[in-house]
**Q** 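The structure under discussion is supplied below as structure tokens; questions concerning it will follow.
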Amino acid sequence: MDKQKLLSMDPYILLSIINMKLRDEFSSLADLCSNYGMKAEELENKLNSIEYRYNQQTNQFTGI
């Protein structure tokens with residue numbers, strides 16, 4: 001999956017995919033973003049739109 005596909009999908013589906021990848025494949029948001037060639041800010045803005053924020057301690061996006 002590429003950056004454009006990720007950022008254009010429904011934010012709730014994106015949330016599920018990103019949290020799964022953070023849990024299973026990447027140790028941080030920075031690692032995940034580096035792998036997909038995107039800025040963390042792009043992903044955070046998309047998920048902030050549904051009131052989810054990245055929690056560095058748990059390495060996942062959680063609702064506020």
Side-chain angles (χ1 to χ4, degrees):
M1 202 171 288
D2 67 14
K3 171 187 168 180
Q4 285 310 110
K5 283 186 181 183
L6 283 172
L7 293 177
S8 66
M9 65 176 52
D10 177 88
Y12 292 99
I13 294 171
L14 178 63
L15 171 67
S16 178
I17 291 170
I18 294 300
N19 274 343
M20 178 192 66
K21 290 191 171 290
L22 287 169
R23 181 188 65 235
D24 297 343
E25 298 175 34
F26 299 98
S27 61
S28 70
L29 181 60
D31 289 344
L32 181 143
C33 289
S34 176
N35 185 70
Y36 287 100
M38 68 175 78
K39 296 178 183 175
E41 183 179 282
E42 294 174 301
L43 186 55
E44 289 176 305
N45 287 341
K46 179 82 172 189
L47 295 178
N48 286 346
S49 73
I50 58 169
E51 298 186 1
Y52 276 77
R53 305 286 186 269
Y54 180 67
N55 181 319
Q56 189 173 10
Q57 292 178 327
T58 60
N59 194 35
Q60 67 180 349
F61 280 86
T62 56
I64 54 170

**Q** Step by step, would you call I50 with Y12 a side chain to side chain contact (heavy atoms under 4.5 Å, CB included)?
**A** CA-CA 8 Å; I50 58 169; Y12 292 99; 3.6 Å; yes
**Q** Applying the 4.5 Å side-chain criterion to the ILVMFWY set and letting contacts propagate, would M38 and I17 be lumped into a single cluster?
**A**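 Yes; tracing contacts between hydrophobic side chains, which count when under 4.5 Å, links both residues.
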**Q** Write out all pairs satisfying salt bridge (Lys or Arg N to Asp or Glu O under 4.0 Å) with one or both partners inside residues 44-64, taking only residues at least two apart or from two chains.
**A**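 Those involving residues 44-64 do not exist here.
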**Q** List the residues meeting side chain to side chain donor-acceptor pair (under 3.5 Å) with S27, not counting sequence neighbours, and say none if there are none.
**A** D31
**Q** List the atom of C33, the atom of L43, and the distance in Å for their closest heavy-atom pair.
**A**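 Looking at all heavy atoms of both residues, the closest pair is SG-CD2, 4.3 Å.
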**Q** For the residue pair L6 and M9, what are the closest heavy atoms and their distance?
**A** O-CG, 3.2 Å
**Q** Side-chain donor-acceptor contacts of residues 55-64 below 3.5 Å, not counting sequence neighbours, with atom names and distances?
**A**
unit_1: N55; atom_1: OD1; unit_2: Q57; atom_2: N; d: 2.9
unit_1: N55; atom_1: OD1; unit_2: T58; atom_2: N; d: 3.1
unit_1: N59; atom_1: OD1; unit_2: Y54; atom_2: OH; d: 2.5
unit_1: N59; atom_1: ND2; unit_2: L22; atom_2: O; d: 3.1
unit_1: N59; atom_1: ND2; unit_2: F26; atom_2: O; d: 3.0

**Q** Please enumerate all residues that pass side chain to side chain donor-acceptor pair (under 3.5 Å) together with E42, with sequence neighbours excluded.
**A**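 For E42 the side chain to side chain donor-acceptor pair (under 3.5 Å) partners, ignoring immediate neighbours, are K3.
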**Q** Would a distance-only check, ignoring hydrogens and angles, find a side-chain to backbone donor-acceptor pair under 3.5 Å from S8 to Q4?
**A** yes
**Q** Which pairs, with at least one residue in residues 10-24 and sequence neighbours excluded, count as a salt bridge (Lys or Arg N to Asp or Glu O under 4.0 Å)?
**A**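 Passing the test, one end in residues 10-24: K21-E25.
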